[in-house]
Amino acid sequence: STGYITFDPGYVSTGSCQSDITFLDGEKGILLYRGIPIEQLAEKSNFIETAFLLIYGHLPNRSELDYFQYHITHHSMVHESIKKLYDGFPNNPHPMAVCSAVVGALATFYQDQFNNQTAREIEITIHRLLAKLPTIAAYSYKKSLGQPFLYPQNHLSYTKNFLNMMFATPCEPYEVNPVAAKALDVLLMLHADHEQNCSTSTVRLVGSSRCNLYSSVSAGIYALWGPLHGGANQAVVEMLQKIQDEGGDAKKFVEKAKKPNEEGSSRLFGFGHRVYKNFDPRSKIIKQMAHEVLDKLKVQEPLLDIALQLEEIALKDDYFISKKLYPNVDFYSGIIYKALRIPVNMFPVMFAIGRLPGWIAHWVELQGDKDFRIGRPRQIYQGKTSHDYVPLEQRG
Ligand code: SDX
């Protein structure tokens with residue numbers, strides 16, 4: 001117990017490869033957060049409540065939720081010195097580079113608490129990270145525009161606060177569209193955890209050295225950035241835009257994507273998954289959301305039509321069928337982010353904001369593991385057998 005919020009008794013995992021947090025069934029397309037189907041959470045819950053569920057192992061009661069929400073709201077500002085970091089970046093850095101650097105820099109502000117952290121200190125760190133990442137992210141966008149940073153507003157919800165910091169200016173208030181705020185909240189929920197994916201495994205491995213949570217999350221952001229992982233949502237929209245710019249021939253692109261290692265070709269980004277071999281349950285929800293959100297926001301998005309064509313062609317193609325490649329979480333999410341006016345290079349940042357509760361939950365689970373051990377993967381050595389050193393003058 002942290003003395004403030006109790007963790008579930010089954011909470012302490014029994015080994016670094018075992019976890020109580022998220023269950024995936026790749027064949028059946030099942031995704032459960034602490035045993036609750038993602039479809040029910042997407043329909044009935046919200047991101048902050050889902051973050052609590054993932055981190056503490058149970059749905060919060062009213063007082064737990066109010067406590068959690070209050071402390072996240074009241075940690076959303078960053079130290080004024082943090083803003084000076086942005087002055088050191090070039091004008092238009094990729095926001096994933098900024099977010100990982102600034103999250104890592106948070107460790108310099110709280111470094112006195114890292115050895116033998118109390119549960120209370122860990123809890124405050126959890127609040128700080130969940131609260132500050134949207135602020136740090138919005139500031140990276142404002143930096144790229146050369147616009148002033150806006151302070152978080154405590155009266156706004158989590159996603160309205162983020163969208164306000166992104167799009168308001170000191171010259172005029174910004175009316176956040178509730179449809180946009182709700183869509184973003186559901187997208188963050190759908191990205192909140194996904195078992196031992198690349199970035200979460202990175203957070204666990206870094207955390208397994210007893211490294212602090214800020215630095216572990218910073219490492220996770222870097223891992224997520226790759227186009228094979230969380231960077232895929234940006235790569236999908238850039239791919240769709242390229243297809244549109246080249247005449248909109250989805251079939252030609254699918255044919256090229258079947259030879260992904262050939263010169264001038266590229267994978268069908270947003271397709272395929274290491275675990276899901278029939279469908280990604282998140283992609284089904286996001287595809288439906290894309291139609292609804294664009295309709296409600298009255299946004300005409302030709303890239304959605306191209307995405308639908310790509311999916312229809314690929315799902316009937318023997319190459320994709322034989323390799324069990326289906327749309328994943330990244331295939332349609334960018335269509336919604338684009339409709340919310342979020343710039344394409346910020347799409348992976350949205351994934352990071354969504355995945356943060358999962359990273360935190362896994363790091364905390366690891367710290368509480370009664371069989372805690374540092375992560376130390378082994379290898380199958382295929383190098384040269386032992387042989388003597390050859391002096392330079394005797395080398396060819
Ligand atoms: C995420 O792990 C997670 O849970 C990740 C994630 C999460 O929530 O954390 O779900 C989020 O990262 C989703 C994936 C986003 N990435 C992309 O959309 C990039 C495109 N997809 C691929 O690069 C690939 O499908 C992966 C990386 C997602 C999965 O990689 P695998 O399972 O290791 O598959 P692979 O790369 O070994 O490919 C298997 C075969 C290969 O052909 P062969 O070498 O056997 O001949 O399928 C081909 C690949 O060339 N292939 C593709 C393809 N994906 C795989 N060919 C064309 N287009 C594709 N998208």
Side-chain angles (χ1 to χ4, degrees), residues 19 21-27 29-33 38 41-42 50 54 96 187-204 217 220-240 242-243 250-287 307 310-311 313-315 317-335 347-362:
S19 174
I21 300 169
T22 294
F23 172 76
L24 303 189
D25 182 318
E27 290 306 318
I30 295 173
L31 171 53
L32 310 176
Y33 289 169
I38 190 70
L41 291 166
T50 298
L54 287 167
M96 285 294 266
L187 282 172
L188 295 180
M189 261 196 281
L190 292 171
H191 287 79
D193 192 50
H194 213 239
E195 197 219 66
Q196 305 294 327
N197 59 84
C198 174
S199 54
T200 301
S201 300
T202 301
V203 171
R204 286 185 79 109
V217 166
I221 296 173
Y222 280 117
L224 184 71
W225 189 5
L228 296 188
H229 191 17
N233 54 21
Q234 175 179 348
V236 166
V237 168
E238 289 169 346
M239 170 186 76
L240 296 174
K242 183 173 186 292
I243 294 171
K251 179 114 183 88
K252 186 177 80 176
F253 190 89
V254 168
E255 286 308 312
K256 281 171 61 178
K258 289 155 58 173
K259 307 174 190 73
N261 304 319
E262 276 187 11
E263 182 66 27
S265 180
S266 96
R267 290 188 167 197
L268 190 54
F269 286 102
F271 258 70
H273 200 275
R274 177 59 62 80
V275 176
Y276 292 125
K277 297 305 177 186
N278 285 312
F279 66 93
D280 182 332
R282 302 166 298 178
S283 180
K284 285 180 83 169
I285 299 170
I286 295 171
K287 178 181 177 181
L310 282 175
E311 180 183 11
I313 297 165
L315 293 188
D317 185 288
D318 290 344
Y319 171 92
F320 289 89
I321 293 169
S322 64
K323 294 184 186 293
K324 299 194 169 193
L325 304 174
Y326 298 90
N328 58 48
V329 69
D330 294 305
F331 193 60
Y332 288 104
S333 57
I335 298 287
F347 292 2
V349 173
M350 305 319 299
F351 197 142
I353 294 173
R355 184 52 51 88
L356 181 56
W359 289 334
I360 291 171
H362 282 270

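Counting starts at 1 for both ligands and their atoms, following the listed order. Atom set for the values below is all heavy atoms of this structure, side chains included, hydrogens, waters and symmetry mates excluded.
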Any idea which atoms of ligand 1 are less than 4.0 Å away from a heavy-atom of [X]?
X      : answer
Gly270 : 17 (C), 18 (O)
Ala232 : 15 (C), 16 (N), 17 (C), 18 (O)
Gly272 : 25 (O), 28 (C)

If we ignore hydrogens and angles and just use 3.5 Å, is the side chain of [X] paired with the main-chain N or O of [Y] as donor and acceptor?
X      : Y      : value
Thr200 : Gln196 : no
Tyr33  : Ala192 : yes
Asp280 : Pro327 : no

query = In a check of side-chain hydrogen bond (donor to acceptor under 3.5 Å, both in side chains) between Asp317 and each of Lys251, Lys258, Lys323, which one passes?
reply =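 Per the side-chain hydrogen bond (donor to acceptor under 3.5 Å, both in side chains) rule, the option paired with Asp317 is Lys258, out of Lys251, Lys258, Lys323.
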[atom] touched by protein (heavy atom, under 4.0 Å):
atom                    : result
atom 8 (O) of ligand 1  : yes
atom 37 (O) of ligand 1 : no
atom 44 (O) of ligand 1 : no

query = Who gets closest to atom 22 (C) of ligand 1 by heavy atom: Arg267, Lys256, His194, Arg274?
reply =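 When every heavy atom of Arg267, Lys256, His194, Arg274 is considered, Arg267 comes closest to atom 22 (C) of ligand 1.
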message = If you take the nearest heavy atom of each of Lys258, Lys323, Glu195, Lys324, which one is closest to atom 47 (O) of ligand 1?
response =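 It is Lys323 whose heavy atom sits nearest to atom 47 (O) of ligand 1.
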query = Is there at least one pair of N or O atoms, one from Asp280 and one from ligand 1, spaced under 3.5 Å apart?
reply =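 Among all N and O atoms of Asp280, none is under 3.5 Å from an N or O of ligand 1.
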query = Does Val329 reach ligand 1 with a nitrogen or oxygen that is under 3.5 Å from one of the ligand's nitrogen or oxygen atoms?
reply =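 No, no N or O pair falls under 3.5 Å.
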task = Note the single closest protein heavy atom to atom 6 (C) of ligand 1, along with its residue, its atom name and the distance in Å.
result =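 Here the closest protein heavy atom is His273 NE2, 3.6 Å.
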query = Between His194 and Phe351, is the gap from one ring center to the other below 6.0 Å?
reply =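 Judged by ring-centre distance (under 6.0 Å), His194 and Phe351 do not meet the cut-off.
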request  = May I ask you to decide whether Lys242 forms a salt bridge with Glu238, counting only side-chain N to carboxylate O separations under 4.0 Å?
outcome  =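 Salt bridge absent between Lys242 and Glu238.
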